[in-house]
Structure formats: structure tokens, C-alpha cells
Amino acid sequence: MTDIFASLESEVRSYSRGWDTVFDHAAGDSLYSEDGTEYLDFFSGAGALNYGHNNPLLLEPLITYLRSGSVVHSLDMKTTAKRRFLETFLELILVPRGMDYKVMFTGPTGTNSVEAALKLARKVTGRHQVLSFTNAFHGMTLGALAVTGNSMKRQGAGVPLNNASSIPYDGYLDRQTEDLLWLQRSLEDSGSGLDKPAAVIVETVQGEGGLRAASGAWLRRLADICQQHGVLLIVDDVQAGCGRTGTFFSFEEAGIRPDIVCLSKSLSGFGLPLAITLLKPELDIWQPGEHNGTFRGHNPAFVTGTAALEHFWNGRGFEQQIAARAVQLHAALATLAAGIEGARVRGRGLLAGLYFPDRTMARKIAAESFARGLLVETSGPEGEVVKVMPALTISAENMARGLDLLAGAVRSVSCERPEELSSDFGGEVLEPPASSSVLQ
Ligand code: PMP
């Protein structure tokens, strides 16, 4: 039988190469292939499935909505589903956090939200330059690609990527020199050669770029510098947002208030495409329709997005559940890292991973994990970090099961001191290690 994926689908396909099976159904923490093999999912649709697969709390209202004859597609018209989403977002997310943002519906992907943020920052300030950080990832359309670090992805643009420059992220230098010193000095010095930027765009945890997590102190300093110099601060919370790091927005612990926030991935909660850009009200100088798109605010995604907010973000209980799973995860990763020279835990909350100095190791571990029934991907410019991103709703048991599978994979790939690697992560919960970059 011909493999239609190999014969017809473009060479650009990627996940289907490493995970060479045909997935057929999914429930909760697992995906199942056509032959019935279970794969525990520590990937979560790259952050689009924070509440697991086919979560019944979201599936039921979606089915009811689709059967009811309600509107599915409506561009940015007013609909009842959109009203409920906006009201719920205001009541459960913005008001309790004392946040005053307007909501812009962009095309339904993260890169669309980023494009809107960049356009708006340039329009508001009248400046063209945007600063981004080393190893940043903001999307694949040309504006977002210009603020993305990965050279292979940048080359794919085929045109010069300009009006943007990259500066050192937290911890990029030698940890002696303050990473934001150059930014501060350059903005103060009229001879620095830096065109005053419209905005700085930042991820609080670099999801694709190697899972470095910025400290709260670093984020606050960045916010201060931006404010002092009239530079807009954009937080790209497409991957780290919607609870991934423990709070709804990843910057809450740092106590900063970005001018613009990008959200997508798990906003619909169900894996349905949906994206928004949040902007401070005074920045809302758009002309009607100046930025548009056919799929802005998809009604089925509003229905599941509203249900996700109601079920998980009405109160603080879910944050405590995420924190408990994060402690379990970071403790297990620290144990694994301790067994391999130079290995380190990276990330924050349930967006975490293991960095290996041997650049081939993470890839081998991901492949071995797949063979053992666990989906984990790699992160970083050379895929040098194993990225662990289970659903936020994962049970303690499935977390322990997945961590045992991961430990087995690490052990089989590692030749160094394998005897030191514990095989049993059976739910023992320890304090997170200092190296886990918990925000100060
Ligand atoms: N920003 C960040 C931080 C991301 O992680 C991603 C996707 N990995 C994007 C933007 C782009 O999102 P999308 O793939 O939906 O365009």
C-alpha cells in the first residue's frame, strides 16, 4: 500500500517523520494509533491542548452548539457565542487580575496574533524597529519570522528579514554581565546607533528556543526600561499562556503589565484555532478593518473557550493543581539531570525540559520515548533540550507513568553513569530544585 503521507504530502511535514504512526483517536492524556497502541502525550499539541484531548467538559457544549443550528462562521460579526466568550473573559480573566485590555480577534493562529501586535506597535509609535531576543520564536509569517531567532526558519523566508534586531535573553551571556545592560545603555546614548524601537517582544519562557525561563527580576527590569523610554512591551504568551506556567498569563508572577499580549494555542481549550491580541485601551487606534481576516473568532472555538474558562479559571483551584504537577515534574527532571554530567532542568511550570550538552542526546531520547509509548519533542536551536509538556489536567498517576517512560528512555540512550538514574518516579513529590527558574 502506498504511503499517501509520503507520496502526496509536502516534504515540509515534520512531526509525522519522528512519530511515524497514524494516530486515530485520543482521550485525556493519551493518543492512540490505528493499531491501538497508546501514546502518553507529553507534547499536548505544542501547547494547544492544555486541558487534554477531547475533554468532555468542552466536548459536550461543543456538540450541543453544533447540533443547535447556531452560527459557525461569522468573520467578526456579533454572535451570541462571541458575546459569551467576551463576557466570560472579562469576568474571569481580566477583572480578577485588575487588567484593562481591549480584545482584538486576529486570524486564528499565534503568528497572526504576533503580526497584529507588531503592526499596532509600529502604527502607534511611528517607529519601524522591533527588538526581540536570542532564541525567540514568534511564528512563521514574515513579520513574526523577523523577530524569530532560529536561522533555519529565518532562511525559509527567502527575503531579507528586516526592521528587527535580536538582543540577549536572560542568561544568554556569562551570567556576570547583565543581559539588559546593552539595551539600557543603547537607549540612553544618542550615539549607540540603535534606532529607537517601537517595541520589544518577549516570551517569559522560550517554548521553542530551548526552554530558558526569564526571572521575574529580569522581566521587571525589561518592563521598566521599556516604560522609561516609551518603547512598547509585547509579551508573546501564545505558548506560555493559558495556564502553562501555573497562572493564566505567564507574566502574572513577575507583576508586570505588558502593553500588548498575544494569546492563541490553548485559548479555545479544545485544539480549535483561535487567537487574540490584547492591547491597552489607549493603543486602540486601529481603523475599522485595517487588520482583518476571514477566520477571526471562530464560533465553535468561542464555545469551547468559554467552557474552558468557566470550568478551569473560575477561582484558584486549578492553579494549585498545576503547581502540584509542576513540583512532581521538576523533581523528577532534577533527578534525571543529576545522573548526567552537564544536564540541566530548564523551564517553568508545566513548560519544562532537560538540557543536554551532547547535542544528539535529546533527539535520541525523544525517539526512544516514542518507541516506549511516550510523546515528547525537542526544543532549542539544535534540538538539544527534551521538552516535557503534559496536559495541565494530567493525573499524578499518568505524570508518574510518563516520567518513568522518560527515565527509561534516558537510561537506554545515556552511556554515562546509567546506574545513578532512578527508574521510579511513582508520584513522590519533592520541592522543586533551585535550578528550575521559578520566578522570583
Ligand atoms: N509564538 C510562540 C511563543 C509560539 O510558541 C508559537 C508556536 N509555537 C507561535 C507564536 C506561532 O503560533 P502558530 O504556530 O499558531 O502560528
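Residue numbers count from 1 along this sequence. Both ligands and their constituent atoms are indexed starting at 1 by order of listing.
Taking both residues in full, the closest heavy atoms of Tyr172 and Asn135 are given as CE1-ND2, 3.9 Å, listed atom of the first, atom of the second, then distance. Nearest heavy atoms, Arg84 versus Thr306: NH2-CG2, 3.7 Å. Scanning all heavy atoms of the two residues, the minimum distance from Ile365 to Ala409 falls at O-CB, 3.9 Å.
Of the charged side-chain nitrogens involved, at least one lies within less than 4.0 Å of a carboxylate oxygen, so that Glu38 and Arg401 count as a salt-bridged pair.
Within a 6.0 Å radius of NZ in Lys280, more than 12 heavy atoms belonging to other residues, nucleotides or ligands are found.
Nearest-residue assignment for atom 10 (C) of ligand 1 (options Glu203, Glu208, Lys265, His138; heavy-atom criterion): His138. Considering only non-hydrogen atoms, atom 12 (O) of ligand 1 lies nearest to Gly110 out of Gly47, Gly209, Gly110, Gly241.
Short contacts between ligand 1 and Thr109, defined as distances under 4.0 Å to a heavy atom of the residue, involve ligand atoms 15 (O), 16 (O).
The nearest protein heavy atom to atom 8 (N) of ligand 1 is closer than 4.0 Å.
Atom 16 (O) of ligand 1 has as its closest protein heavy atom Thr111 N, 2.9 Å. Looking at atom 1 (N) of ligand 1, its nearest protein heavy atom turns out to be Asp236 OD2, 2.6 Å. Nearest protein heavy-atom contact of atom 5 (O) of ligand 1 is Gln239 NE2, 2.7 Å.
Exactly one of Trp19, Tyr32, Phe23 qualifies for a ring pair (Phe, Tyr, Trp, His ring centres under 6.0 Å) with Tyr39. That residue is Phe23.
Counting heavy atoms under 4.0 Å from ligand 1, residue Val238 touches it through the side chain alone.
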